[in-house]
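These notes are about the structure you will find just below.
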Amino acid sequence: MKQQNPFIYSTPDQIKNPQDALDLFVDVFKDFYLLENKGNTFIHGARGSGKSMMFRIMRPDCQKIRLNKKLNDLEYFAVYIPIKETSLNIQDIHLLSKKHGETLLNEHLMCIYFSICIFDFLRQEDFTHYNEHLDSVKTFLRRFKKNLDKVGYKYSEDFNPNSDSINDYFSCIVEILEDIQNSFTNYLARLSLGLEHLKYDGPICLFRNFLFQLIKDVGKLPFLPTSPIYLLIDDADALNEIQTQILNTWVSFRTTADVCFKITTQLTYKTYYTLNSSTRIDAPHDYNEISLSDIYTSDNKTTIYRKNIKDIVEKRLQKIYNLNTTAEAFFPSDTKQEAHVKKLEKKYIDLKNYDYAYRNARIDYMLMIPNRYTYSYAGFDQLVHLSSGIIRNFIDLAFKMFDETQRVSKDSLAPITSIPISIQNKEIKDYSSWLLQQIDKTIDSQGINHSQKNDYLKLKALIDSMGKAFRIFLESKSSERRKFSFYFDGECDEELKRVLKLGVSEGLLHYSTHGSKSGLGRAHKYVFNRMLSPLYMLDPFAFSGYLYITQPYIDLAINNPKRFLKYIRERAESNESEVQQLEFDF
């Protein structure tokens with residue numbers, strides 16, 4: 001019988017048992033303390049960087065076990081609100097032009113959906129130990145119905161549980177809200193078929209007149225924590241532009257005494273403007289900001305990330321596979337290769353210094369071996385660097401390695417105590433190729449328009465040009481041969497901005513900032529995903545240098561790669577200072 005793969009990936013929503021979620025979770029809140037603090041927070045990170053898992057642990061079922069506290073003693077009550085694949089993605093709502101109330105109806109739709117999420121969470125809680133508060137819930141229901149009456153909803157007396165169960169009352173509220181939602185979506189469906197005129201005579205539930213009052217009333221229920229309610233809004237990039245402006249407007253109200261918005265994005269959040277098109281929400285006045293990608297922009301943060309990955313691996317091996325070992329032992333490195341690198345390091349330290357050895361020993365080894373394709377990327381430390389701060393990259397790769405090790409094993413029942421080096425290398429190189437091939441699949445997809453296809457083609461050209469440029473520097477005699485990022489001053493045009501943003505959202509680039517070459521302000525920095533290292537035969541370990549480049553050369557990398565790489569070779573051969581740029585001349 002095939003043994004269970006300890007690296008099987010489950011989305012947070014698939015983990016129904018809170019103890020299972022906690023058993024596999026590594027506490028990162030100490031690294032991102034703002035996430036649990038009172039206040040509005042945006043959490044940015046590429047797909048698979050762990051945003052949704054953090055939200056899973058913040059839910060009350062996990063918090064009660066994690067802190068060993070009752071519901072009303074928790075630090076906050078958090079409600080999970082997923083945006084992808086929800087009723088907010090109604091295509092026909094754009095048929096309502098602004099003069100016919102597009103903004104109001106979008107806000108109504110959001111308020112109802114958020115309200116359903118809140119009460120759906122409440123009805124799933126176990127309130128059997130809080131029956132003494134049943135009268136408070138009945139009073140709450142009466143207030144809720146009065147608020148509905150104010151916004152134009154005529155509820156039926158059938159929506160009255162007459163029950164001794166608190167959960168039944170919350171289920172009743174969900175039914176009312178779903179009735180409002182269904183009536184609205186049916187109206188939109190008829191509208192799209194041309195069966196109605198452009199008018200809507202149902203209730204209008206807005207933040208100020210409905211949702212905010214509802215949240216304040218919920219917060220006063222005696223069995224909930226005496227703290228703001230946290231709304232965990234996941235994948236907010238999926239909101240349309242008007243819905244995004246509506247959410248920003250809610251954030252701008254600064255109602256954090258009663259409700260805190262915790263909002264995740266995959267770095268393609270559409271706008272930070274509010275419904276007042278001249279007003280933006282800004283940090284730190286309206287919200288705090290966390291960038292999970294920044295965890296890989298310095299050696300210090302890499303150390304934190306390494307520890308988190310080590311804990312994840314060892315937890316999974318122990319709890320799922322019943323194997324007590326270290327991550328380093330389970331993913332061994334090529335000892336012969338590492339011995340050669342260490343020998344070179346010692347030689348360079350004796351001849352030069354530690355910094356010179358750190359910058360050059362591994363690179364020189366890569367260039368010395370007769371066949372560069374025989375360089376081994378195996379070993380836990382290299383895997384940590386290759387995963388580029390994206391936890392799912394590591395888990396996916398580990399799953400494939402474990403699966404392949406099982407497949408080739410002569411004894412399917414024999415426990416796997418480590419992943420062979422040859423299998424690590426094979427799966428790493430396959431995964432590296434697969435990562436870039438996803439762009440080709442998107443380009444060939446029938447579901448994208450010409451403009452989107454063009455952006456993906458440009459992104460592919462940019463990644464390929466930069467990967468080859470970094471290899472040219474690695475082979476050169478430049479003082480800074482290990483490069484994994486490029487940066488530029490000033491703003492770029494809209495097309496390039498769109499391509500770079502796409503690269504970040506696809507997890508091929510990580511965005512950060514860098515000191516401007518002028519010494520004034522900050523420059524835009526884009527860090528290469530190290531999982532692409534095997535494709536371009538790069539050293540994935542911590543970087544030393546950055547490639548300063550002006551926008552015309554980035555455009556050249558996209559539109560004329562041969563000309564761009566010729567320029568890079570000339571620049572690398574000249575061993576020029578990073579301060580200087582060759583004159584750009586077509």
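Quick note: numbers below take in every heavy atom, side chains included, and nothing from hydrogens, waters or symmetry partners.
Between the side chain of Gln382 and the main chain of Gly379, no donor-acceptor pair closer than 3.5 Å is present. The backbone N or O of Asn37 sits less than 3.5 Å from a side-chain atom of Tyr230, completing a donor-acceptor pair. Although no hydrogens or angles enter the test, the distance criterion places a donor-acceptor pair under 3.5 Å between the side chain of Thr442 and the main chain of Gln438. At least one donor-acceptor pair closer than 3.5 Å links the side chain of Arg56 to the backbone N or O of Ile15.
Asp311 has no carboxylate O lying under 4.0 Å from a charged side-chain N of Lys315, or vice versa, which leaves the two without a salt bridge. A salt bridge links Asp13 to Arg59: at least one charged side-chain nitrogen sits closer than 4.0 Å to a carboxylate oxygen. Between Lys51 and Asp234, none of the side-chain N atoms (NZ, or NE/NH1/NH2) sits under 4.0 Å from a carboxylate O, so this pair counts as no salt bridge.
Here the side chains of Ile463 and Leu509 are in contact, with some heavy-atom distance below 4.5 Å. At a threshold of 4.5 Å between non-hydrogen side-chain atoms, the residues Ile83 and Gln243 do not count as touching. The shortest side-chain heavy-atom distance between Trp434 and Asp430 does not fall under the 4.5 Å cut-off. Using a 4.5 Å heavy-atom cutoff, the side chains of Phe114 and Val79 are not in contact. The side-chain heavy atoms of Met54 and Thr264, taken from C-beta on, include no pair separated by under 4.5 Å. Side chains of Leu397 and Ile428 form a contact here, defined as non-hydrogen atoms less than 4.5 Å apart. Contact of the Arg571 side chain with the Ile472 side chain is not registered, since no non-hydrogen atoms from C-beta on lie closer than 4.5 Å. Val504 has its side chain within reach of Tyr526: a pair of non-hydrogen atoms, C-beta onward, lies under 4.5 Å apart.
For Phe488, the ring-ring contact (aromatic ring centres under 6.0 Å, His included) partners are His524, not counting sequence neighbours. Considering only residues two or more places apart in sequence or on other chains, Lys453 meets the side chain to side chain donor-acceptor pair (under 3.5 Å) condition with none of them. Every residue meeting the ring-ring contact (aromatic ring centres under 6.0 Å, His included) condition with Phe212, not counting sequence neighbours, appears here in chain and number order: Phe207.
The line from CG of Asp539 to CZ of Arg359 is 13.0 Å long, rounded to the nearest 0.5 Å. Here the straight-line distance linking atom CD1 of Ile363 with atom CZ of Phe473 works out to 12.0 Å at 0.5 Å rounding. Atom CG of residue Asp403 and atom CD of residue Glu427 lie 8.5 Å apart, to the nearest 0.5 angstrom.
For Thr271 against Gln245, the heavy-atom pair with the smallest separation is CG2-CG, 3.8 Å. When every heavy atom of Met531 is checked against every heavy atom of Ser388, the shortest pair comes out as N-OG, 3.9 Å. Minimum interatomic distance between Thr256 and Lys38 (heavy atoms only, all atoms of both residues): O-CE, 3.3 Å. The shortest non-hydrogen separation linking Leu457 to Ile443 is CD2-CD1, 3.5 Å. The two residues Ala236 and Ile263 make their nearest non-hydrogen contact at CB-CG2, 3.4 Å. Leu292 approaches Gly45 most closely through the heavy-atom pair CB-CA, 4.3 Å.
A cation-pi arrangement is found for Arg280 relative to Tyr273, the charged atom lying closer than 6.0 Å to the ring centre and inside a 45° cone about the ring normal. With a 6.0 Å cutoff to the six-membered ring centre and a 45° limit on the axis angle, Arg471 does not count as a cation-pi contact of Tyr536. A cation-pi arrangement is not found for Arg530 relative to Tyr377, the charged atom failing to lie both closer than 6.0 Å to the ring centre and inside a 45° cone about the ring normal. Geometrically, Arg362 does not engage Tyr375 in a cation-pi contact defined by less than 6.0 Å to the ring centre and at most 45° from the axis.
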_Working for side chain to side chain contact (heavy atoms under 4.5 Å, CB included), residues Ile309 and Ile391_ = CA-CA 7 Å; Ile309 289 291; Ile391 294 170; 4.2 Å; yes
*When you look at Asp464 and Lys468, which way does the salt bridge (Lys or Arg N to Asp or Glu O under 4.0 Å) test go after all the steps?*
CA-CA 6 Å; Asp464 190 57; Lys468 290 174 179 175; 3.0 Å; yes
*asked:* Run Lys566 and Glu570 through salt bridge (Lys or Arg N to Asp or Glu O under 4.0 Å) and show every step you take.
replied: CA-CA 6 Å; Lys566 179 177 182 293; Glu570 292 171 352; 2.7 Å; yes
*asked:* Applying side chain to side chain donor-acceptor pair (under 3.5 Å) to Ser291 and Tyr511, what does each step give before you reach the verdict?
replied: CA-CA 9 Å; Ser291 175; Tyr511 176 74; over 6 Å; no
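Ring geometry for Phe331 versus Phe380: interplanar angle under 30°, hence parallel rather than tilted (30 to 60°). Relative orientation of the Tyr80 and Phe55 rings is perpendicular, given thresholds of 30° and 60° on the angle between their planes.
Between Tyr553 and Tyr567, the distance separating the two ring centers is shorter than 6.0 angstrom. With ring centers used as reference points, Phe486 lies 6.0 Å or more from Tyr548. Within the 6.0 Å centre-distance limit, the rings of Phe470 and Phe528 are counted as a close aromatic pair.
Side-chain contact check for Ser252 and Asp286: no donor-acceptor pair (N or O, by modelled atom type) lies under 3.5 Å.
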